[in-house]
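Accompanying notes for the structure given below.
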Amino acid sequence: MMQLNVKDVSVQEVLKLIAESGDFNLAIGGGVKGHVTLFVDEMAPRDLLDVVVGIIDAAYIEENGVIWVMSKENYESIYGQKFVDNLVTRTFTLKQAKVKEIMPTMKSLLGAKAIVTPDLSRNMVRIKASPKLMKEAAEMLAAIDKPTLTRAYQLQSMPADMAAELVGKMLSEQATIIEDPINQRLVINSSEFELDQVGDIIEMLDVGGGLQSTVLTIGYAQPDTLAEALRLHLTADVGKIYSDSRSRKIVAVDYPQVIEVITHLAAEFDVPLRQVLIEAKIIQVATSREVATGIDWAILQDQMNLTGSFPALATTSPGFRGDFGDLASKNYKIVVEALETYGDTKLLSSPRLMVVDGGTGLIHVGSQVPYKTIDTRETAAGTINQFETVVIIDVGVKLEVDVNIQGEDMIAMKVRPEVSAVVGESDGIPIVDASTVDSSLMVQNGNTVILGGLIKDETRTTREGVPILSRIPLIKYLFSHIVEKDMQGELVILLTPQIMTGRENHEQKYEF
């Protein structure tokens, strides 16, 4: 409340005093002029503002927290209607609702055509408006100031969490919202007035073809991994996707057009991993010391129709090197015939193994050499315990192959052959002489890779003598003798990789 006693004072100064007393923001337009004489005792600043505006025959409106005082002509040009002189003021005391909570709703519904002043301490609201708008405000407050009700809203296409977020922005603080994503609905407790408003809002927002769900049965991919990949293609804040590794199923929920894309992508991703069938031929060629450098692959290249050749690899140990060539077909007979010109040829093994794309395969032709070790341990009490452990060493020919399928018919291979043998022992532990090499190459599907030059020196004991007689039991010793020859054992490994899908009925065929 304020007192104001002024005589022939500028209206701008009077309005300034009223604004300072009422603690509200005031803006005065250029068309507001004149002088005012007032003798007022104990009047509310807002009511006093009405009196002053009436004296100077002006208009005013409250927008964005500021009261704008302007001429009636300016008001009509801005708002398209005449300023109503017969504004009425009414104070409402609320019993159920809280003034603080309903203020956003009141201002949004009454707009700038009414002045709404809250009295939070007494839970009252003062409204100044035209008689018609005052009637609407009274009806609105009557609807709001009632015991709360609970109402459920069924959603057709909008997700429950999204609808709750949007609706929550227009409800008062006393309202509560419960999301029910399973039944696709919202359960709201609020005043009847707000519940009616929520129904209108949901009716406008909940449009579209509705959400759709689909269940995808996964055959080859990991459901969890595939679900994460598909999640990137869902509608933001709408689509949902779940995976179940036990049943190998994925459940997706989204708009129909998105579900169609998800189904298509799942079919593209859910394919079996390709595999590579590796057929190997391990051939031993016994050459004499005269062939010091082993088999000359450069000479044999034309004879075996090699489509490509690779330079000799760096020597990793004396008497060992590796050469590679690419045989255009599985004609192993040509290779054997070419190798027989260097010595006795023998097929040691024909292993076959299947390696998944990106995996590693291991071929071992040889033996396992065991030896014992003693492990001595002292306990906390000072007792000495000894444990005997058996260690196994693999010796012979080992071939480790990494495969990666490139495109439709090319295979990248990392080949690591190893030739090893026990040459003695030290303190009961075998001494193993091993030679290894590591190389990478690219092979066309179905072609054969030749790994040659795996040379190891050895001494062979043979019996030589008179033909026929040296083979007859008992008397063979009279017509023969034992000869030790220094020989070279050269291993030739042929690898034929073939891309498989896992469904082929592959028939084993040998050319030997």
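We use all heavy atoms of the structure for the numbers below, so side chains are in, but hydrogens, waters and symmetry mates are not. Heads up: numbering here begins at 1 and tracks the sequence.
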Apply side chain to side chain contact (heavy atoms under 4.5 Å, CB included) to Leu48 and Leu38, showing your working.
-> CA-CA 10 Å; Leu48 190 54; Leu38 282 174; 4.3 Å; yes
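- Ion pairing between a basic and an acidic side chain is recognised when a charged N comes within 4.0 Å of a carboxylate O; Lys72 and Asp57 show such pairing.
- Nearest heavy atoms, Gln275 versus Ile405: O-CD1, 4.2 Å.
- Counting heavy atoms from C-beta on, the side chains of Ile241 and Val253 never come closer than 4.5 Å.
- The shortest heavy-atom contact between Met2 and Ile18 is SD-CA, 4.2 Å.
- No donor-acceptor pair closer than 3.5 Å links the side chain of Asp394 to the backbone N or O of Gln368.
- Judged purely by distance below 3.5 Å, without hydrogens or angles, the side chains of Asn74 and Ser71 pair a donor atom with an acceptor atom.
- Although no hydrogens or angles enter the test, the distance criterion places a donor-acceptor pair under 3.5 Å between the side chain of Asp270 and the main chain of Ala221.
- A donor-acceptor pair under 3.5 Å links the side-chain atoms of Thr263 to the main chain of Ile259, judged by distance alone.
- Listed here is the closest heavy atom pair of Tyr60 and Tyr75: O-CE1, 4.3 Å.
- Heavy atoms of other residues, nucleotides or ligands lying less than 6.0 angstrom from CD of Glu260 number 12 at most.
- The two residues Ala227 and Ile250 have their closest heavy-atom pair at N-CD1, 3.8 Å.
- Between Tyr220 and Leu273, every side-chain heavy-atom pair lies at or beyond the 4.5 Å cut-off.
- Taking 4.5 Å as the limit, some side-chain heavy atom of Leu441 sits within range of a side-chain heavy atom of Val415.
- Annotation: Glu42, atom CD; neighbour count of heavy atoms from other residues, nucleotides and ligands within 6.0 Å is above 12.
- Using a distance-only test at 3.5 Å, with no hydrogens or angles considered, a donor-acceptor pair links the side chain of Gln12 to the main chain of Val32.
- Considering every non-hydrogen atom in both Pro118 and Val99, the closest pair reads CB-CG1, 3.6 Å.
- The distance from atom CG of Leu171 to atom OG1 of Thr176, rounded to the nearest 0.5 Å, is 9.0 Å.
- Asn445 places a side-chain N or O within 3.5 Å of a backbone atom of Ile499 that can act as its donor or acceptor partner.
- A side-chain donor-acceptor contact under 3.5 Å links Asn123 to the backbone of Leu94.
- With respect to the salt-bridge test (charged N to carboxylate O, under 4.0 angstrom), the residues Asp224 and Arg248 do not qualify.
- Atom-to-atom distance recorded for Trp68:CH2 and Ile78:CD1 is 9.0 Å, nearest 0.5 angstrom.
- A salt bridge (Lys or Arg N to Asp or Glu O under 4.0 Å) check over residues 3-28, counting only residues at least two apart or in different chains, returns nothing.
- In this structure, Val276 and Met500 have side chains that are not in contact, with every pair of non-hydrogen atoms separated by 4.5 Å or more.
- With a 4.5 Å cut-off on side-chain heavy atoms, Leu399 and Ile493 count as touching.
- The pair Asp357-Arg274 fails the salt-bridge criterion, with no side-chain N (NZ, NE, NH1 or NH2) lying under 4.0 Å from an Asp/Glu carboxylate O.
- A 4.5 Å side-chain heavy-atom check between Met442 and Gln406 finds at least one atom pair inside the cut-off.
- How far CD of Glu165 is from CD of Glu179: 9.0 Å, rounded to the nearest 0.5 Å.
- Between the side chains of Asp119 and Thr117, not a single donor N or O lies within less than 3.5 Å of an accepting N or O.
- Two residues are said to be in side-chain contact when any heavy atoms from C-beta on lie closer than 4.5 Å; Leu216 and Leu226 fail this criterion.
- Side-chain contact between Val443 and Leu495 is absent, with no heavy-atom pair separated by less than 4.5 Å.
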Output, in order, the C-alpha distance, side-chain angles, deciding distance and verdict of side-chain hydrogen bond (donor to acceptor under 3.5 Å, both in side chains) for Lys414 and Ser440.
-> CA-CA 4 Å; Lys414 288 185 177 180; Ser440 300; 5.1 Å; no
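- For the atom pair His264 NE2 and Ile262 CD1, the distance stands at 11.0 Å (nearest 0.5 Å).
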Test side chain to side chain contact (heavy atoms under 4.5 Å, CB included) on Thr360 and Val355 and set out the steps.
-> CA-CA 6 Å; Thr360 301; Val355 183; 5.6 Å; no
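- In this structure, Asn189 CG and Thr148 OG1 are separated by 4.0 Å, a value rounded to the nearest 0.5 Å.
- Judged purely by distance below 3.5 Å, without hydrogens or angles, the side chains of Thr496 and Thr448 pair a donor atom with an acceptor atom.
- Taking both residues in full, the closest heavy atoms of Asn5 and Phe39 are given as OD1-CA, 3.3 Å, listed atom of the first, atom of the second, then distance.
- Within a 6.0 Å radius of CZ in Arg122, no more than 12 heavy atoms belonging to other residues, nucleotides or ligands are found.
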List the steps, then state whether side chain to side chain contact (heavy atoms under 4.5 Å, CB included) holds for Val403 with Ile278.
-> CA-CA 10 Å; Val403 297; Ile278 300 177; 3.9 Å; yes
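- Judged purely by atom type and a 3.5 angstrom limit, Ser420 uses its side chain to pair as donor or acceptor with the backbone of Gly396.
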Side chain to side chain contact (heavy atoms under 4.5 Å, CB included) evaluation trace for Asn404 with Ile411 = CA-CA 6 Å; Asn404 271 289; Ile411 304 169; over 6 Å; no
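- Summarising the geometry, atom CD belonging to Glu279 is positioned 10.0 Å from atom CG belonging to Leu353; distances are rounded to the nearest 0.5 Å.
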